[in-house]
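Everything on this sheet refers to the single structure shown next.
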Amino acid sequence: MSTRARRTSFPEVVIERDTDTDESSDEEEEEEVEDDVVESDDPAEEEEEEIEDKKGKDVGGSSTADKKGKTPITISLKKVCKVCKRTGHQAGFQGATYIDCPMKPCFLGKMPGHTTVNCPHRVAMEFGVIPASRKRTHSSLDYVFERQVRHGVPSIKPAFVIPDEVNCAVIRYHSRRVTCLEFHPTNNNILLSGDKKGQLGVWDFGKVYEKTVYGNIHNCLLNNMKFGPANDGTVYTASSDGTISCTDLETGLSTSLMDLNPNGWQGPSSWRMLYGMELNAEKGLVLVADNFGSLHLVDARSNSKKGDSILIHKKGTKVVGLHCNPLQPDLLLSCGNDHFARIWDMRRLEAESCLHGLPHKRVVNSAYFSPLSGSKIVTTSIDNRIRVWDSVFGNLDTPSREIVHSHDFNRHLTPFRAEWDPKDSSESLVVIGRYISENYNGAALHPIDFIDISTGQLVAEVMDPNITTISPVNKLHPRDDVLASGSSRSLFIWRPKEKSEMVQEKDKSKIMVCNGKNSKKFGDGSDNDDSGDDFSSKKGKNLKHKKANMVITPCKSSKKKKP
DNA sequence: ACCACATGACTCC
DNA sequence: TGGAGTCCCTGTGG
């Protein structure tokens, strides 16, 4: 009732603001001067037109006869596989199920002998688990862990609570895909989100409509953010524009701590981008890593760069992740495109001083210490494997577990990152989005997976028929049983089913807020259940589900700051 | 329903 | 070592 009233009251606000957004984004894109590498996807090659004899060997194309001539000519459109370009089979979606090209090895594990459809790893995850090795070494790193970390390792595993139902959402919140999410450290209902354009979203999902997008902080990808340790009303952000900013969440005013491109664009070989970021509260340091393999330290109090940059990964490669050990902040974990995650001691930090290198077969998207004891490390690599490295019960030369999981990274997606549940005292629950889709009642959906890294088993796969896009960005709430996920331009808040129902009964506010051009529809009196275009893409059209409990409303108000 | 486009890792030469 | 070509279960807008 109340939602309906809100929906009809404020349609213009949404449309006006969104038009604004689109225009601004177009302008910015025109300014980008980049080499246009036109890929030649010749459609003629894909559909070979062949003139054949009367015996047309059609494989599914239509045949037409030339009615002018006496001898009819059959033209068959021979379909070729879009993957291997051969005839006789077709890769692609058949309904909601994707059929692999049989000429290629398994898409998931990259192993020959089977395709993704019958891949054992896809059916049951335990197949992809390599058990822990028990051999011990006695390196300096082992010593640090033994002395400072081991006592914090918990022994009893509690039951997992899985947020498995969408509680509220903002559809098309950002104008480009979401790149990172962060929960407020003290306010339970505030979620921060960064996007590909460098915009920062501040959403109070407790009040659903309370949402802001600050567009004047960065010019391109907002890769990482961290709340200010001394003041949780501020957030530090690192961007591909080469700057670190500190932004006041109330006003949106930001100060720049560092600019690695003070002379502007001088070509791709010199343009520095910032990816990994971490704060060391004890030392008052902001740590950032760039696309040339270097780590930069910035004093947060004086906003000045501290010392020279240090080469921590192979020269010229991206360092995408930084993480300080929760118990021992002097231990720094980094990961990047040189196929390594590395552990460093901040007290003697210099090039080549890495305590340990964790080797991977491909690029490492993320590496995180376990949130409580800091004794385990979970890494996500684009070789479709989640690796667990245990400093106490295993060693760091080889992973104590490898879990095959589909998170292969397509260049158009935000990289997948397996993230710990900060509330899980057993430090075994990890959440990660799944790339590969599954057929759920005729809909191709990409679930968000909860994995028990102590067994390698899939604890839960969470999906909603309304979310047809991949959800690469996921974050579990530090205190509540809440999952936030970023999927394309939208944000979703998940809660456990029972709790979600309780909330709904109480205030009946299970709401989806819609941004975007199509919001106009909602002001035009069309009913909720039929206005699905706003959150279903092409694949979503074969959904058999109803949008059930969700109410779609345009947003009531939104502060929006443009540069 | 179609197309163009954004865009990054990797292999090969 | 570096540039060109290839990969191709994306998502959006026109």
Side-chain angles (χ1 to χ4, degrees), chain A residues 18-19 21-23 25-26 28-30 32 34-44 46-47 81-85 90-101 103-108 110 115-117 119 122 171-172 174-179 195-197 220-221 223 240 268-269 273 275 291 314-318 320 336-339 360-365 381-384 406-416 433-439 443-447 467-472 486-490 515-518 533-541:
Chain A
D18 210 74
T19 311
T21 309
D22 285 338
E23 278 176 9
S25 64
D26 288 341
E28 279 169 31
E29 265 156 26
E30 278 167 18
E32 287 175 18
E34 286 184 12
D35 291 358
D36 288 328
V37 183
V38 183
E39 288 181 25
S40 57
D41 280 2
D42 290 358
E46 290 190 32
E47 285 198 356
C81 171
K82 64 179 177 183
V83 176
C84 70
K85 313 285 187 249
Q90 281 252 276
F93 272 103
Q94 281 182 16
T97 308
Y98 188 88
I99 307 299
D100 260 6
C101 171
M103 309 311 255
K104 294 275 176 177
C106 172
F107 191 76
L108 180 57
K110 318 286 185 221
T115 60
T116 312
V117 173
C119 172
R122 177 169 174 150
I171 307 301
R172 301 190 182 196
H174 285 273
S175 56
R176 289 292 183 273
R177 60 164 215 253
V178 174
T179 53
D195 73 19
K196 207 188 101 176
K197 269 179 78 185
C220 54
L221 285 102
N223 290 314
S240 289
S269 58
M273 301 185 258
Y275 286 87
N291 58 327
K314 188 180 171 187
K315 195 178 178 186
T317 63
K318 242 190 325 195
V320 292
N337 281 24
D338 64 352
H339 301 191
H360 292 71
K361 293 206 173 66
R362 300 276 170 174
V363 164
V364 189
N365 287 345
S381 170
I382 63 170
D383 66 355
N384 273 338
S406 168
H407 50 258
D408 201 351
F409 150 60
N410 170 318
R411 64 175 174 270
H412 312 296
L413 296 172
T414 303
F416 290 86
R434 198 190 301 176
Y435 178 63
I436 205 160
S437 67
E438 306 284 351
N439 183 345
L445 302 178
H446 307 266
I467 308 172
T468 55
T469 48
I470 296 170
S471 306
S487 191
S488 186
R489 297 159 51 181
S490 307
N515 282 358
K517 281 182 182 168
N518 293 343
D533 286 349
D534 265 84
F535 48 119
S536 57
S537 63
K538 270 182 271 179
K539 263 185 275 166
K541 282 180 183 163

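Reminder, nothing fancy here: chain letters follow the sequence lines and each chain counts from 1. What you see is a predicted model, and the numbers here were worked out from it, not measured in a lab. The figures that follow rest on heavy atoms only: side chains count, while hydrogens, waters and symmetry mates do not.
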[X] side-chain proximity, nearest of [options]:
| X | options | answer |
| --- | --- | --- |
| A:Ser437 | C:dT12, C:dC9, C:dG13 | C:dC9 |
| A:Tyr98 | C:dG13, C:dT10, C:dC9 | C:dC9 |
| A:Ile382 | C:dC9, C:dT12, B:dA9 | B:dA9 |

Practice item. Would you give the length of the straight line joining atom OG1 of A:Thr179 to atom NZ of A:Lys196, rounded to the nearest 0.5 angstrom? Key: 10.5 Å
**Study point:** Atom pair CG (A:Leu413) and NE2 (A:His407), whose distance is rounded to the nearest 0.5 Å
**Key:** 12.5 Å
Exercise for review: Keeping the roles fixed (side chain from A:Asn337, backbone from A:Thr317), state whether a donor-acceptor pair exists under 3.5 Å.
Suggested key: no
Check your understanding: A:Arg177 side chain to A:His412 main-chain N or O, any donor-acceptor pair under 3.5 Å?
Key -> yes
Exercise for review: For A:Asp408, answer base if it contacts any base atom (sugar-phosphate contacts may also be present), sugar-phosphate if it contacts only those atoms, and nothing otherwise; contact means non-hydrogen atoms under 4.0 Å.
Suggested key: nothing
Are [X] and [N] close enough that a side-chain N or O sits under 4.0 Å from OP1 or OP2?
| X | N | result |
| --- | --- | --- |
| A:Lys318 | B:dA9 | yes |
| A:Ser488 | C:dT12 | yes |
| A:Asn337 | B:dG8 | no |
| A:Arg489 | C:dG13 | yes |

Revision key, fill the gap. With A:Asn365 as partner, the option from A:Pro472, A:Ser381, A:Pro415 fulfilling side chain to side chain contact (heavy atoms under 4.5 Å, CB included) is A:Pro415
**Study point:** Distance, P atom - from C:dG13 to B:dT7, rounded to whole angstrom
**Key:** 15 Å
Tell me: [atom1] of [X] to [atom2] of [N], nearest whole Å?
| X | N | atom1 | atom2 | answer |
| --- | --- | --- | --- | --- |
| A:Asp338 | B:dC10 | CG | P | 11 Å |
| A:Arg434 | C:dT10 | CZ | C1' | 17 Å |
| A:Phe416 | B:dG8 | CZ | C1' | 15 Å |
| A:Asp383 | B:dC10 | CG | P | 10 Å |
| A:Arg411 | B:dA6 | CZ | C1' | 8 Å |
| A:Phe93 | C:dC9 | CZ | P | 8 Å |
| A:Arg176 | B:dA6 | CZ | P | 11 Å |
| A:Leu413 | C:dT12 | CG | P | 11 Å |

Point to revise | Check: B:dC10 base within 3.5 Å donor-acceptor of A:Arg362 side chain | key: no
Exercise for review: Using only heavy-atom distances, determine whether the side chains of A:Ser240 and A:Asn223 contain a donor-acceptor pair under 3.5 Å.
Suggested key: yes
Practice item. Please name all residues satisfying side-chain contact (heavy atoms from CB on, under 4.5 Å) with A:Ser488, sequence neighbours left out, ordered by chain then number. Key: A:Thr469
Revision key, fill the gap. Assign each of A:Val363 and A:His412 the nucleotide of DNA chain B bearing its closest heavy atom; nearer the 5' end lies the nucleotide of A:His412
At a cut-off of 3.5 Å, list every protein nitrogen or oxygen paired with a nitrogen or oxygen from nucleotides 1-5 of chain C, distance to 0.1 Å.
none

Practice item. Show your reasoning for whether side chain to side chain contact (heavy atoms under 4.5 Å, CB included) applies to A:His446 and A:Ile436. Key: CA-CA 6 Å; A:His446 307 266; A:Ile436 205 160; over 6 Å; no
